[in-house]
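Data block below; observations after.
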Amino acid sequence: MIRQTLTELVRQAILDAQAHGDLPAFEIPPVELAHPPRPEMGDYSASLPLKLASLAKRPPMHIAQTIAKHVPPHDAIGKIETAAPGYVNFTLAPRWLANQVAAILDAGAQFGNVNLGDGKRVQVEFVSANPTGPLTIGSARNMAIGDTLARVLEAAGYDVAREYYVNDAGSQVRHLGASIYARYAQELGRAEAFPEDGYKGEYIGEMARAIIARDGDKYLALEKDAAIRELKRIGVAMVIEQLKTSLARAHVEFDTWFSEQSLRDSGLLDEILKMLAARGVTYVQDGALWFRATEFGLDKDAVLVRSAQVISDPDERPTYLASDLPYLWNKLVVRGFDRAIYIWGADHQGDVPRVLAGAEALGVDPKRIHIIVYQLVRLTRGGEKIRMSKRAGEFDTLDDLLDDVGVDAVRYLLIESSADVAMDFDLQRAVQQSNENPVYYVQYAHARIASILRNAAESAPDLLTGEANLALLTHPAELDLVRQMLKLEEVVELAATKMEPHHLPHYAHDLGAAFHQFYKHCRVLSSDANDAEISRARLQLARATKNVLARALDLMGVSAPESM
RNA sequence: GCCCCCGUAGCUCAAAGGACAGAGCGACGGACUUCUAAUCCGCAGGUUGCGAGUUCGAGUCUCGCCGGGGGCGCCA
């Protein structure tokens, strides 16, 4: 990565200056290169001299000039300048930039990869909505953030596993079983009251009918509780299949569907409770088992297992926390992931300190856990707030959204803003303005290139083969395009280190803009035979751009169309 | 009352403590006999909620206030 190269050159310049007595001895702080605010200032700038002033006991400008003087020569550097009050600015050499086109084409689908992760195993757990019905639009942001982050981490050299945590224990899925049972019995002509806490959506009836078609009325022969348990199990499996189908439409595929119930069945939950007890961080009060969260800096203790007086069914007494702790143990100790990343909605933010405290109590380094809390999406339709309830059967599904807006626009829109902002998502506008969505701007650039390449293959196929003289690429629009392509690596690094997928769409848009400007200013194909060489070079540039656009789009799970 | 997130152009949002705070949409004015006009060019729009502090330097960090969202149960 060019920024890394320059960073190292600056470091060497300082060492060299120190060796020559031009700068006093001091330990060099990390060198950071940024992009200057205006292009005429150069491509990269170091503000290090400003930070060094007190350390080196020299005026910043003097340090800047000294560094500039000592930077070792390098092909990539066209110009080094200093600027008040103490910047060293680097401008990349046009010739070097032009040659990067070949390097980008060589890298192919690998272009943009950076090796931050060094093969470390990272798990991203996301969506993880209760398996009680179709995914709602509320889960869509979770999905988009989680999957994009997983893609970015893969590009950053991590070994990534995507996981969906299936909450198949507890009361929500029991309600699902009871709801199916009621519809099932009703369909078979038996008067069965629908449970008060049941799921009222139409899909429950459909599931009941599907079960009848497959298994007939055999569950009516069972005792009711047993039938509900059985239908719950079948229902969860059916819901998971539907989730897989919906998620596949959204370009998301999980490696693992992890069952919460399995934590209990395997005995891990009991084991963890014993471990916590052995460490003296639990106690029993009023028949409930408590975790001493206050010992880890929290303001309240937390319940792990509720008392029999409050919850009669023993299966439903463990709280979320009681499952979360064995689950994190399973991730980080049993399965040995180096890091566990969670994507949680803001409505679960309160659980974050408890889980981290639990990790500490179990002797698991909380730094291996990274919980991304995203603010909730406010859904509106024509400016009016929409209230959603899965139980009441009043909600918009992810599938509806994919039908109306399309997967590409949905994913792009949902990762466009930082996870920290509560975004408004107006359904009416999302549908209406779908053609003005920035995602099409980027895709259009890709399609335009594909079209140029088709035309070239048709009218002048020889231009697509043979050695191109990249040194002919000297137009500002051509060089800007190369500059923009080279930034992909930086964006991957930024998004992966800060775990902020929202940098990708902004980058993709900038890259699209650089191409559209190039397209305007530089004609690729020409009827004039004298233009053959420049056409050949520009075709290479166009192919490289197509490559990088496709990669940027793929990192977002967005398709790169050949025509639009 | 306590905790988390946010407050930047008319709207939606960017901005690894760095230089004159940037995009898109919207408004206004231009550009298609030329590789896809889902494009390009120009123009307008700002006391970064308010007040202090730290720093050579603050939209960014700290404190206080104001406003919005979320969370604080033996609910899930």
Side-chain angles (χ1 to χ4, degrees), chain A residues 32-38 41 45-48 50-51 53-54 59-60 83-87 89 130 132 167 170-173 175 197 285-290 298-300 302-311 316-317 319-320 345-353 373-376 378 413 416-426 429 433-445 447-456 458-459 490 493-494 497-498 500 502-503 505-506 509-510 512-513 515-517 519-527 535 538-539 542 563-564:
Chain A
E32 276 162 15
L33 291 189
H35 297 284
R38 279 179 306 287
M41 295 171 166
S45 88
S47 59
L48 193 69
L50 291 160
K51 298 183 175 77
S54 59
Y87 296 99
N89 291 338
N130 283 337
T132 52
N167 296 109
S171 63
Q172 290 311 307
V173 283
H175 293 322
D197 293 327
Q285 186 180 309
D286 303 330
L289 181 70
W290 291 74
L298 277 64
D299 52 1
K300 280 177 202 166
V303 173
L304 286 163
V305 183
R306 291 179 284 256
S307 66
Q309 295 95 304
V310 176
I311 306 284
E316 295 181 11
R317 278 184 214 142
T319 59
Y320 269 9
D347 50 344
H348 287 98
Q349 59 182 280
D351 298 330
V352 173
V373 174
Y374 65 92
Q375 300 303 307
L376 299 179
R378 275 194 298 266
L413 280 171
E416 215 183 356
S417 3
S418 141
D420 286 339
V421 318
M423 56 181 300
D424 288 312
F425 196 100
D426 193 290
R429 248 181 56 197
Q433 298 196 340
S434 65
N435 281 355
E436 295 161 18
N437 188 293
V439 72
Y440 298 105
Y441 179 88
V442 182
Q443 290 182 314
Y444 185 55
R448 265 185 154 177
I449 298 173
S451 171
I452 293 173
L453 295 176
R454 277 193 302 271
N455 291 339
E458 179 90 6
S459 63
E490 293 170 31
E493 184 185 15
L494 176 65
T497 359
K498 297 185 79 178
E500 293 176 346
H502 74 271
H503 297 288
H506 294 278
H509 187 273
D510 289 347
F515 174 76
H516 287 307
Q517 277 158 37
Y519 182 91
K520 177 74 180 176
H521 290 110
C522 305
R523 195 171 168 90
V524 177
L525 301 175
S526 163
S527 48
S535 285
R538 283 177 176 168
L539 279 167
S563 66
M564 286 174 74

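So that the names make sense, note that chain A is the first sequence line, chain B the second, and so on, each numbered from 1.
Nucleotides B/C41 and B/C32 place their P atoms 16 Å apart, quoted to the nearest Å. Taking atom C1' in both B/C40 and B/G46, the straight-line distance is 27 Å, to the nearest Å. Spacing between B/A52 and B/A58 at atom P, rounded to whole Å, works out to 14 Å. Between the P atoms of B/G49 and B/A16, the separation comes to 15 Å (whole Å).
Checking B/C13, B/A15, B/A37 against every side-chain atom of A/Ser417, the shortest atom distance belongs to B/C13. Nearest to the side-chain atoms of A/Val310 among the listed nucleotides B/C40, B/C75, B/C13 stands B/C75. Looking at the side chain of A/Thr497, the nearest of the listed nucleotides B/A16, B/C35, B/G71 is B/A16.
Using a 5.5 Å limit on the distance between ring centres and a 30° limit on the angle between planes, the aromatic ring of A/Tyr87 counts as stacked on the six-membered base ring of B/A19.
The base-pairing partner of B/A23, taking Watson-Crick or G-U wobble contacts with both distances under 3.5 Å, is B/U12. For B/C56, the paired base is B/G18 (Watson-Crick or G-U wobble, both distances below 3.5 Å). The partner of B/C2 is B/G71, by the rule that a Watson-Crick or G-U pair needs both atom distances under 3.5 Å. Pairing for B/G7 is with B/C66, a Watson-Crick or G-U wobble pair whose two hydrogen-bonding atom distances lie under 3.5 Å. Taking a pair to require two hydrogen-bonding distances under 3.5 Å in either a Watson-Crick or a G-U wobble arrangement, B/U39 pairs with B/A31.
Remark: the A/Ser418 side chain and the B/A14 base include no donor-acceptor N/O pair separated by less than 3.5 Å. In the interface, the side chain of A/Asp510 is not paired with the base of B/A14 through any donor and acceptor atom under 3.5 Å apart. Side-chain N/O atoms of A/Gln349 and base N/O atoms of B/G70 include a donor-acceptor pair closer than 3.5 Å.
Checking the phosphate oxygens (OP1, OP2) of B/G24, no side-chain nitrogen or oxygen of A/Asn437 falls inside 4.0 Å. When the side-chain nitrogen and oxygen atoms of A/Tyr440 are compared with OP1 and OP2 of B/A38, none of them lie within a distance under 4.0 Å. Under 4.0 angstrom from either OP1 or OP2 of B/G22 there lies no side-chain N or O belonging to A/His506. Within the 4.0 Å cut-off from OP1 or OP2 of B/U36, at least one side-chain nitrogen or oxygen of A/Ser451 is found. Contact annotation: A/Tyr519 reaches the phosphate of B/A37 (side-chain N/O to OP1 or OP2, under 4.0 Å). Phosphate contact (OP1/OP2 of B/A38, side-chain N/O of A/Arg448, threshold under 4.0 Å): absent.
Shown here for A/Val373 and A/Gln349, the closest heavy-atom pair between the two residues is CG1-CB, 4.1 Å.
Side-chain contact between A/Ser451 and A/Arg454: present, with at least one pair of heavy atoms (C-beta onward) separated by less than 4.5 Å.
Note on ring orientation: taking the six-membered ring where Trp is involved, the planes of A/His502 and A/His506 are perpendicular (angle over 60°, cut-offs 30° and 60°).
The nearest heavy atom of RNA chain B to A/Pro37 and to A/Lys300 marks one nucleotide each, and the one closer to the 5' end goes with A/Pro37.
Residue-level contact check: A/Asn167 touches neither bases nor backbone, having no heavy atom under 4.0 Å from any strand.
Judged by the 6.0 Å distance and 45° axis criteria, A/Arg448 is not positioned over the aromatic ring of A/Phe515.
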